[in-house]
Amino acid sequence: MSIFHLGLIGYPLGHSLSPKIHTAALKSCGLDGNYSLYPIPPEDMQGLETLLACLRNGEITGLNVTIPHKQNVIPLLDELTLAAKAIGAVNTIFVQNGKLTGDNTDAPGFISDLKRFLSDRQSSIENQKSALVLGAGGSACAVVYALINDGWEVRVAARHPKQAQTLIDQFSNLNSRLSFVEYQTTSLYSLIFDLSLVVNTTPLGMSPNVEASPWPADLAFPRNAVVYDLIYNPRETTLVRDARAAGLSATTGLGMLIEQAALSFEIWTGCKLPRNNLYKTVVE
Ligand code: NAP
């Protein structure tokens, strides 16, 4: 039986939950293998090349990629999936027909966890899909790509309009209803009656700065929206706590983290994973 040598490239990697998730996944599928951390500093392209050579020669079966290398690995790969190409970032690498192939499971991981969350709440949101995405960095690209492919109208709020415009231009060929809104109370106020979803992709509220919130303190939450915060540490962010206190349904991003990991694992091993078991392992 083959041994699955899996791992994660990024920097720093000290607090990564991925080894825990993938070790549980291997066990759940009855597979022999391991999941290693490969901390490679941002400027170390030689380190990246050496590691990818191990994937090419079969010493490593599959790799995840996180900050700061999601874009850096692209020139070193032979092929990209449609999603990775459109998003411009890779979080999963595998070998297909001898070719190093880059994929992005953040986008399907996000949309699938969002749908689970919405269906759990028997939400009527599917009828008026209008989303506000806070932030325009790496994860925002995956989130926006996933939302527009799922038929949502999307507004992107970013403190640097140029960054948001770059993101919007990136998806201009998808015929999407995608636009920019200034990240300030007066501009956001004009939207709040239409919104059915708010997604935070900024790091505001992430440990250790857990008191911070990306939602302006002087702005009410949209009454008919649900809130999805990509942050998963802490388990309840200030944004999620405040939104729940205002009567909204809200969740942090642990479900997305698990879903994107499970999708990568399925690509490498072909083994379909029961998500609930994984979720329990990580939460415990
Ligand atoms: P990123 O590429 O650095 O993007 C962060 C975005 O937030 C940028 O647009 C940045 O704008 C903006 N931002 C940062 N500080 C801000 C502030 N004080 N006010 C307004 N905007 C601010 O980071 P990322 O990779 O997208 O990750 C963002 C968060 O998502 C992290 O907390 C990460 O852990 C989480 N995440 C979760 C999952 C999951 O599976 N649940 C997956 C990916 C990411 P500037 O460029 O102007 O700073």
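Order of appearance sets the numbers: ligands from 1, and atoms from 1 within every ligand.
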TODO: Answer yes when Arg56 and Asp78 have at least one side-chain N-carboxylate O distance shorter than 4.0 Å, and no when they do not.
DONE: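 A salt bridge links Arg56 with Asp78.
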- [ ] Salt-bridge test for Lys129 and Glu153: reply yes if a basic N is under 4.0 Å from a carboxylate O, no otherwise.
- [x]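 Salt bridge flag = no for Glu153 with Lys129.
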Considering distance alone, does some N or O of [X] sit under 3.5 Å from an N or O of ligand 1?
| X | answer |
| --- | --- |
| Ser139 | yes |
| Lys70 | no |
| Ala136 | yes |
| Gln163 | yes |
| Leu230 | yes |
| Met206 | no |
| Tyr232 | no |

Quick one: does [X]'s side chain have a donor or acceptor within less than 3.5 Å of a partner on [Y]'s backbone?
| X | Y | answer |
| --- | --- | --- |
| His69 | Ile40 | yes |
| Arg275 | Glu259 | no |
| Thr252 | Glu236 | no |
| Thr23 | Pro19 | yes |
| Asn104 | Asn91 | no |
| Tyr183 | Pro214 | yes |

Task: Proximity winner for atom 5 (C) of ligand 1, if only heavy atoms of Leu257, Asn91, Thr201 are counted - done: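 Answer by nearest heavy atom: Thr201.
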Task: Residue selection (non-hydrogen contact nearest atom 6 (C) of ligand 1) among Pro68, Gly138, Ala261, Gly137 - done: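 The nearest heavy atom belongs to Gly137.
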- [ ] Give a yes or no on whether atom 3 (O) of ligand 1 lies under 4.0 Å from any heavy atom of the protein.
- [x]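 False for atom 3 (O) of ligand 1.
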Which is it for [X] and ligand 1 at heavy atoms under 4.0 Å: side chain, backbone, both or neither?
| X | value |
| --- | --- |
| Phe110 | neither |
| Leu204 | side chain |
| Asn233 | neither |
| Met256 | both |

- [ ] Drop me the distance from Ser28's OG to Asn276's CG, to the nearest 0.5 angstrom.
- [x]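 So the OG of Ser28 and the CG of Asn276 are separated by 11.0 Å.
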Open item on the list: Nearest 0.5 Å, please: how far is CG in Leu52 from CD1 in Ile93?
Closed with: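 It is 5.0 Å, given to the nearest 0.5 Å.
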Open item on the list: So for Ala158, does at least one of its heavy atoms come nearer than 4.0 angstrom to any atom of ligand 1?
Closed with: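 Contact absent.
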